[in-house]
Amino acid sequence: MSFKLLIDEIDNNIHKILDDLSVSDILFSVEPAKPGFGDVSSNVSFLLGKHFKKNPKEIADMLSEKYNQLQSTLVSNVESHPSGYLNFFANWEKLNQLILSESNLDYYGSVDLGKNSIIVVEHTSVNPNKALHIGHIRNIVLGDTISRILKKANYKVNVLNYVDDSGLQVADIIVGFRHLGFAQDPPNEKKFDHYCGDDIYVKTTEKYEQDPSLENIRKNILKELEDGTSEIAQFADKITRRVLENQIETCWNLGVYYDCLNFESQIIRSGLWNQIFEKLKEMNLIEFENNGKNIGCWVIRGENNDEDKVLVRSNGTATYIAKDIPYAAWKLGLVNDPFNYEKYDKLQPDNHILWQTTLVPNNNFKQNFIGEKVITVIDSRQDRLQKIITTIMSKFKSKQDVYIHLGYESVTLSADTAKTLGLNTDGKQAQMSGRKGLYVNADSVYDLLKNKTTDEIRRRHPEMSDFEIKQIAHHISVGTLRYEMIKQDLDKMITFDLTKSLSLDGDTAPYIQYAFARASRIIEKSTRIPSIDIDFSLLNDQFEINLIKTIGLFDMHVMDAAKNLSPKVIARYCHDLAVSFNSFYEHVKVIDLGNEKLENSRLCIVNSFKLTLEKALELLGITAPDKM
RNA sequence: GGGCUGGUAGCUCAGCUUGGAUAGAGUGCUGGACUUCUAAUCCAGUGGUCAAGGGAUCGAAGCCCUUCCGGCCCGCCA
């Protein structure tokens, strides 16, 4: 609680006044004010004006008069604005102290939305037959950021990555390895996932057009993958594990970690589908078609104008969507867990244990990764299928909102970037396609960013060691990439442009990180240890107050972001913090003032800013270096 | 054809969930600020029929309806 204390006080007092007027059931707002309108505003006069059929301004006059007679701790004055708004001015000497003290605590910004309940977040979920491209990164960064925010909102979060290791895309590269003569090891120490995606997958897909007999081979391989016993299946398993390892390296490099890897092949072989199939039949959620175009199939009826969806083909096999249902049910703990768990071969860089499912019996302690609620991060092209799963899950659980599909628009390539990949689009943006080789790999974007930032740092700091430069360049590159992926709303398409993505000015992570580095530098140079044992009355300059106010808004933004599953709220908050600080920095001197008390007071703000920004950036998975 | 979704400054986007003040950022362009705590910065200027039309409201970028334009989805593929 911080700025929220002021808002709560005002909210309570307005309620008291309304009680005196014998008015209830008015849902007025009490919000941080726009610049120039005090510190907090309320629209209560408009709503009350409606109630009493009076001019809002008259009501505001009456309310401000009544309010000023009340006991206030944190409000110094209330004004009625000619527009009808009620504007509150804070007692900053007191609020300064509250906010600055609070911001020094470890849990600053934490809110209790989750009440320590368990929630599953599934993201990434990429076919292990290629390297991660920039489109996958949006999913991964979104999922990771949401997980971090939910943890801050007091949820226990289980992060899952569903590895689709038995689909058609995997079959494709196996065709390449086994029938088109691709060597098992990549040339020139190329990363294995890049080799599989850039070379084998693309070229194998091209060959299908020239040689239709390959289609049959592919079909057979797909079947063997699902059975899982043949030599081919074992070979495929080796290949997909190797690709997966590379993909996970990319994720780890971006600061993304998981709790458990789930393998589609194991879900299929576990027999979970049969349990679910019976349950669907019992609950009359699916129907057997005796005639029509889907004769002989089990279907789920389409809602409003949607077509019926086939779950079980007339030959008795389950379709893609059907396979997703048992997994969704597993995540919610609606089926008996058929899995055992073992540790992933490598330790995650954050030292957090990564588990993976296995069907092989072992003596390990049984892990538990299910949740009372599930969030599945998948792009919005799957809205329709996800809606079917959402409906089924709420019926299984007899509860709404237990399964949440967090959809987002996909990442496309700008016309210029498509051109550099050999596709002329007449100035239009282009959908990425793994099949056609039309994508930008995440690793390459990272490398380009790192080269650029390394040059920049070297230019600014000729004295720095290569090791230090590389470390800083890493944080800036990861920050830049992550920030670009979440700063806009989920329903907005991201048009990725290689050149523009390398921009480090303006509304970017480096801008924010730079503000942090400036703060670090002030504290370092002052040679004093920041403390909250200061004279708060000295902090009354508009730039100081504005910065403290922004620091005080942290928890409210965390709440907003968690409630609405909207990570961009935190991105914008970090940017706001940096803007407030940069403005402060340009106008207010901190060290060498010849006034020890004032210097201590200002140093306290700088330190609070630094601590708060660090926590907020952590929610975005971004690290701010002390120098850059 | 049906469904979902977007349209706000030259460009990229906030604001819309919960209607109310002067519609905000970044970028671009123009000009200014580094012997000073790092100029990856700051300050100022420029730039808007909030896609169009209608409706309900004292009041609409926001709510309802219609239309236009863009994107995506609609297989016994995954």
Side-chain angles (χ1 to χ4, degrees), chain A residues 27-29 31 33-37 41 43 45-47 49-50 53 55-56 81-85 87 127 164 166-171 222 264 289 293-299 302-307 309-321 323-324 379-385 387 407 409-410 412 428-429 431 453 456-457 460-461 476 487-489 491-495 497 500 503-515 517-526 563-564 568 572 575-576 578-579 582-583 585-592 602 606 627-628:
Chain A
L27 288 172
F28 57 88
S29 69
E31 295 168 329
K34 287 208 268 183
F37 296 99
S41 303
N43 68 349
S45 331
F46 295 106
L47 306 173
K50 207 174 264 179
K53 302 219 161 36
N55 186 332
H81 189 270
S83 62
Y85 266 105
N87 293 332
N127 291 91
D164 187 358
S166 53
L168 213 52
Q169 296 199 25
V170 171
L222 184 63
E264 185 187 59
E289 288 285 25
K293 65 172 184 172
N294 293 329
I295 186 165
C297 300
W298 286 90
V299 304
E303 286 184 10
N304 31 12
N305 285 322
D306 287 353
E307 295 270 318
K309 188 77 206 163
V310 172
L311 290 194
V312 179
R313 304 183 185 97
S314 52
N315 68 5
T317 56
T319 58
Y320 162 73
I321 166 93
K323 288 180 208 164
D324 268 6
D379 78 64
S380 52
R381 284 176 294 199
Q382 299 223 35
D383 275 348
R384 180 183 291 241
L385 294 178
K387 204 178 150 209
E409 278 295 324
S410 43
T412 61
K428 285 188 183 170
Q429 50 187 249
Q431 287 283 327
T453 48
E456 283 286 325
I457 300 164
R460 285 156 209 255
H461 300 279
I476 298 174
K487 76 172 178 188
Q488 51 204 322
D489 223 332
D491 52 20
K492 234 76 169 206
M493 215 185 304
I494 293 181
T495 306
D497 184 274
K500 286 182 185 158
S503 161
L504 309 173
D505 301 326
D507 186 10
T508 63
Y511 172 88
I512 299 166
Q513 290 167 315
Y514 187 68
R518 281 176 145 184
S520 296
R521 194 67 169 156
I522 290 175
I523 293 170
E524 184 194 320
K525 280 215 167 173
S526 82
K563 256 188 188 161
N564 296 309
K568 68 138 197 272
R572 296 188 75 80
H575 184 253
D576 287 349
V579 168
N582 275 329
S583 198
Y585 183 92
E586 300 279 346
H587 296 95
V588 183
K589 290 278 163 262
V590 178
I591 61 178
D592 297 332
R602 287 184 175 163
V606 174
K627 287 183 193 168
M628 64 184 276

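Order of the sequence lines fixes the chain letters, A, B, ..., with proteins taken first and strands second; residue numbering starts at 1 for each chain.
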Checking all strands, does [X] fall into the base, sugar-phosphate, or nothing category for heavy-atom contacts under 4.0 angstrom?
X	answer
A/V170	nothing
A/K525	sugar-phosphate
A/Q513	nothing
A/N582	sugar-phosphate

Scan nucleotides 11-17 of chain B against the protein and return all N/O pairs shorter than 3.5 Å with their distances rounded to 0.1 Å.
unit_1: B/C13; atom_1: OP1; unit_2: A/Q488; atom_2: OE1; d: 3.3
unit_1: B/C13; atom_1: OP1; unit_2: A/M493; atom_2: O; d: 3.3
unit_1: B/A14; atom_1: OP1; unit_2: A/D489; atom_2: N; d: 2.9
unit_1: B/A14; atom_1: OP2; unit_2: A/K492; atom_2: NZ; d: 2.6
unit_1: B/A14; atom_1: O4'; unit_2: A/R572; atom_2: NH1; d: 3.4
unit_1: B/A14; atom_1: O2'; unit_2: A/R572; atom_2: NE; d: 2.7
unit_1: B/A14; atom_1: O2'; unit_2: A/R572; atom_2: NH1; d: 3.4
unit_1: B/A14; atom_1: O2'; unit_2: A/R572; atom_2: NH2; d: 2.9
unit_1: B/G15; atom_1: OP1; unit_2: A/K568; atom_2: NZ; d: 3.1

Query raised in the report: When you check every protein heavy atom under 4.0 Å of nucleotides 73-78 of chain B, what one-letter string (B, S, -) results, 5' to 3'?
Result: BS-BSB
Report task. Output all residues satisfying salt bridge (charged side-chain N to carboxylate O under 4.0 Å, His left out) with A/D379, sequence neighbours left out; order by chain, then residue number. Result ->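 Residues passing salt bridge (charged side-chain N to carboxylate O under 4.0 Å, His left out) with A/D379: A/R381.
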Query - Pairing stems for RNA chain B [at least three consecutive pairs; Watson-Crick or G-U; under 3.5 angstrom] - result: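 Expected stems, ordered by start: B:1-7 with B:68-74, B:10-13 with B:24-27, B:28-33 with B:41-46, B:51-55 with B:63-67.
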**Report entry** Distance test, side-chain N/O of A/Y511 to OP1/OP2 of B/C42, below 4.0 Å
**Finding:**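 For B/C42, OP1/OP2 do have a side-chain N/O of A/Y511 under 4.0 Å.
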Query raised in the report: Can you check whether A/T508 has a side-chain N or O nearer than 4.0 Å to OP1 or OP2 of B/A40?
Result: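 No, outside the criterion.
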Taking N or O atoms only and anything under 3.5 Å, show me the protein contacts with nucleotides 28-31 of chain B, one pair per line.
none

Query raised in the report: Does CD in A/E524 sit with more than 12 non-hydrogen atoms of other residues, nucleotides or ligands closer than 6.0 Å?
Result: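 It does: A/E524 CD has more than 12 such atoms within range.
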Requested in this report: Output the single nucleotide from B/C58, B/C37, B/U5 whose closest atom is nearest the side chain of A/R521.
Outcome: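 Nucleotide nearest to A/R521's side chain: B/C37.
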Requested in this report: Report yes if a donor N or O on one partner sits less than 3.5 Å from an acceptor N or O on the other, where the partners are the side chain of A/S41 and the base of B/A21; otherwise report no.
Outcome: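 Looking at the base of B/A21, it does pair with a donor or acceptor on the side chain of A/S41 (distance under 3.5 Å).
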Requested in this report: Can you sort out the partners of A/D576 under side chain to side chain contact (heavy atoms under 4.5 Å, CB included), two or more places apart, ordered by chain and number?
Outcome: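 Applying side chain to side chain contact (heavy atoms under 4.5 Å, CB included) to A/D576 gives A/T550.
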